[in-house]
Amino acid sequence: MRPGNHFRRLQGFRKSSDEGHAENLRRYRTTFSKMTISFVVFGLVPLLVLSLLFFVRYSGMIRENMVASYSTMTNYVADNASGVLTSVDDAMEELYNYQNAEGQTLADILADRSSGATDQALAVQEALQNIMAQSEYISSLRLAVADGTIYSLYYSQDKTIRNDAASFTSFDLFGEGESPTGLKVSGTIPESEICVNSEDYIFWLARNYMDISSIQSAYTKSLAVLYADVNVQEIEDIIDKSRISKGDFYIYHVAADAYIYSASTEDYTDESHPLAFCENLFGDGSGYEKIGHQWVFYEKIEDADVYAVLVLENRDIMSAFFQSRLVLTLILCFGGAFLLILYMAFSIRMSEPTRKLKEAMDEIGQGRLDVRVNLQTNDEMEYVADGFNKMAERLSDYIDRVYVAETAKKDAELNALKMQIQPHYLYNTLDVIRMTALDQDDEKTAELLESLAKQLRYVMGEQLDRVHLKDELDSIREYFVLMRARYEGRISLMVYLADDDGMLLVPKMILQPVVENSIRHGLREKEGPGAVAIRVERKEEYLEIVVMDDGIGMDEEQAAKMQAYLEQSPVGTNEPNEFVSVGTKNVYDRIKLNCGAEYGFTIQSAQGMGTIVTCRLPIWEEADDGMFQKEV
């Protein structure tokens with residue numbers, strides 16, 4: 001629809017509406033009448049009604065607020081208790097990464113029969129010290145080996161393991177049907193049952209230390225069982241910080257039917273079960289329930305079958321209600337003064353509708369077509385505001401139909417292209433790691449795995465359209481770590497980048513397909529060493545990134561055909577082509593869509609000398625408000 005026709009129709013609608021509203025306007029009350037009625041209806045009457053409804057509704061509000069407050073407290077304790085368990089579990093998993101000064105892992109130490117029992121015990125002790133340093137919550141560590149040997153390490157030098165504590169440090173911890181790689185958590189027990197010189201209470205976390213020399217043994221064969229003891233005082237400190245002054249708090253292990261924390265130490269040692277009346281609640285994750293005269297708040301601690309539970313008497317929940325009767329008295333005392341002030345303010349605010357309309361008109365003039373004026377004056381100003389809102393709404397709809405549709409179409413094409421990126425290099429990378437694992441030792445494999453992990457985090461991390469140039473180049477460097485291993489060190493990478501250009505923004509994954517083509521089609525077939533060089537130079541009006549290789553190259557005719565296909569084929573076309581790969585075409589199209597038609601790249605090559613790809617990109621910097629801006 002043409003703009004002129006649209007506005008003529010709008011004028012006709014307003015003319016007919018004016019006639020319909022004329023009769024209604026004659027029936028409107030005067031401003032003075034409305035002020036007087038407002039004083040009575042919106043002042044005195046609501047005060048009386050609120051006074052009557054106060055006791056009916058206030059008790060429910062108090063209960064809802066208190067329930068929400070205690071639920072938050074329970075969630076706080078659960079989150080912090082989860083942090084303790086997670087910290088200890090993460091520290092235990094570090095046992096797989098441990099290596100002593102001779103490069104021996106714990107598995108090597110346990111398998112070393114050449115050293116004496118004393119030397120082996122010292123080596124194991126050093127490994128346990130390393131694990132204990134990883135978490136502040138570990139009070140002691142115990143390691144039960146398959147041959148029956150038990151090693152222990154206590155944070156307190158006064159404590160030592162008892163000779164008859166084997167039942168608490170068993171190698172056969174996981175029974176039939178239990179996952180050997182899982183985590184096991186115990187209830188709290190007196191530490192004196194495990195060691196001497198202790199009056200503390202502890203609970204432990206245990207995991208099998210698996211034989212990771214092969215995939216099969218990593219899931220089936222245990223070399224030892226690691227026990228990490230945690231002083232229950234750590235949980236008690238969390239509960240103290242929650243400032244819960246009423247009720248009883250518990251940390252209950254449902255599967256073990258045992259208490260990790262209770263205010264009464266008798267719950268650790270005897271047959272008492274204070275949560276028996278609400279045991280059927282656990283299994284829903286989190287929530288609260290009123291059972292009889294008691295409220296039960298419960299929150300599951302992550303994936304463990306452990307719950308933080310708070311039990312409160314109903315009178316504790318409603319105590320605030322009985323202390324708030326003074327509120328009603330204060331409302332009645334200050335009600336009269338408030339109404340007087342309200343009446344005076346009402347006359348002043350009569351000019352408010354005019355002010356709102358003027359501000360809305362100014363914003364419409366600045367292009368903010370979503371502005372609306374909400375007036376409930378029940379007079380001619382409300383009619384004016386209603387006509388203004390309808391005009392703004394229809395004007396906005398008209399612009400949306402004409403312009404927003406085109407923007408949505410472009411965004412859809414861009415998203416479709418981004419979804420077509422096929423990360424072939426990830427599959428090649430995995431193949432390199434597999435071959436290297438067969439030919440090299442563990443240190444080499446670890447280096448390759450680290451490079452792969454960095455690339456995966458970059459590619460599959462936060463999905464941004466634009467990234468810093470230094471991050472894009474760091475990803476290329478990690479890719480070359482793997483490629484050098486694949487081609488036995490005969491390829492190299494050189495990057496020339498000014499320090500102040502590293503924070504410029506470029507489309508994500510814009511260089512990797514180009515570099516991959518340089519290796520696959522340029523350097524792979526070359527005899528002897530080869531190199532890829534990346535040079536970044538900020539020109540006056542654009543950013544230039546040049547990717548060069550000294551590979552086998554191609555003749556000028558083939559390079560010209562590739563360039564012609566890139567420039568002439570429609571954006572989004574990615575069918576297999578004899579000249580251009582899917583990745584190269586995708587990069588070219590993404591530059592056009594993200595940056596503009598004047599940007600892209602050119603390909604130059606010479607047979608036997610190499611290939612040069614010159615990318616032309618806008619100079620993007622990041623503004624202080626986090627939005628991208630183009631440098632001019």
Side-chain angles (χ1 to χ4, degrees), residues 50 52-85 185-190 201 203 232-328:
L50 288 174
L52 296 175
L53 295 178
F54 177 80
F55 284 107
V56 176
R57 301 191 61 181
Y58 189 67
S59 60
M61 293 170 57
I62 289 293
R63 186 176 70 176
E64 291 177 1
N65 291 335
M66 294 303 293
V67 165
S69 176
Y70 284 114
S71 295
T72 301
M73 293 179 183
T74 307
N75 180 263
Y76 168 83
V77 173
D79 287 346
N80 284 271
S82 174
V84 173
L85 299 181
V185 183
S186 77
T188 296
I189 60 173
Y201 287 83
F203 64 94
V232 78
Q233 184 65 42
E234 302 288 351
I235 304 297
E236 188 171 345
D237 291 343
I238 294 173
I239 294 174
D240 290 342
K241 292 178 182 178
S242 69
R243 299 180 180 179
I244 298 177
S245 59
K246 299 177 181 179
D248 297 317
F249 222 112
Y250 304 91
I251 304 294
Y252 179 54
H253 193 327
V254 176
D257 193 20
Y259 291 86
I260 293 178
Y261 172 80
S262 174
S264 173
T265 57
E266 295 179 357
D267 295 337
Y268 303 144
T269 56
D270 58 19
E271 298 298 326
S272 63
H273 189 7
L275 297 181
F277 74 99
C278 61
E279 195 172 14
N280 62 321
L281 296 178
F282 309 131
D284 296 334
S286 63
Y288 58 88
E289 189 75 31
K290 186 175 184 293
I291 302 176
H293 58 84
Q294 292 181 309
W295 285 84
V296 180
F297 300 84
Y298 57 96
E299 185 79 24
K300 190 173 184 180
I301 297 178
E302 285 198 350
D303 296 330
D305 198 16
V306 178
Y307 285 79
V309 184
L310 174 62
V311 179
L312 283 164
E313 295 291 334
N314 185 60
R315 63 175 178 272
D316 294 331
I317 292 286
M318 297 300 295
S319 60
F321 170 72
F322 302 116
Q323 299 172 3
S324 301
R325 294 177 180 176
L326 184 61
V327 174
L328 182 60

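Predicted model only: the values in this text are computed from it and were never measured.
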Determine whether [X] and [Y] make a side-chain contact, defined as any pair of heavy atoms from C-beta on separated by less than 4.5 Å.
X    : Y    : value
V309 : F282 : yes
Y298 : C278 : no
F277 : V311 : yes

Do you know which two heavy atoms are closest between F203 and G187, and how far apart they sit? CB-O, 3.7 Å
Closest approach of A308 and V77, non-hydrogen atoms and distance? CB-CG1, 4.4 Å
If only atom types and distance count, is the side chain of [X] paired as donor or acceptor with the main-chain N or O of [Y] below 3.5 Å?
X    : Y    : answer
T72  : A68  : yes
S71  : V67  : yes
D305 : A255 : yes

Taking only residues two or more places apart in sequence, or in another chain, which ones meet [X] in a side chain to side chain contact (heavy atoms under 4.5 Å, CB included)?
X    : answer
K241 : Y76
A276 : H273
T265 : Y201, Y268
N75  : D79, E299

Taking atom [atom1] of [X] and atom [atom2] of [Y], what is their separation to the nearest 0.5 Å?
X    : Y    : atom1 : atom2 : value
T188 : I235 : OG1   : CD1   : 8.0 Å
I239 : M73  : CD1   : CE    : 13.0 Å
F297 : T74  : CZ    : OG1   : 6.5 Å
D257 : Y252 : CG    : OH    : 3.5 Å
K246 : Y70  : NZ    : OH    : 5.5 Å
H253 : Y307 : NE2   : OH    : 11.5 Å

Counterpart residues, side chain to side chain donor-acceptor pair (under 3.5 Å), relative to [X] (two or more places apart):
X    : answer
E266 : none
E234 : none
D248 : none
D267 : S262, S272

Using the rule given for side chain to side chain contact (heavy atoms under 4.5 Å, CB included), can you reason through I251 versus I301, listing the C-alpha separation, both sets of side-chain angles and the distance that settles it, and then say yes or no? CA-CA 9 Å; I251 304 294; I301 297 178; 4.2 Å; yes
My understanding is that only residues two or more places apart in sequence, or in another chain, count here; which of them pass ring pair (Phe, Tyr, Trp, His ring centres under 6.0 Å) with F249? none
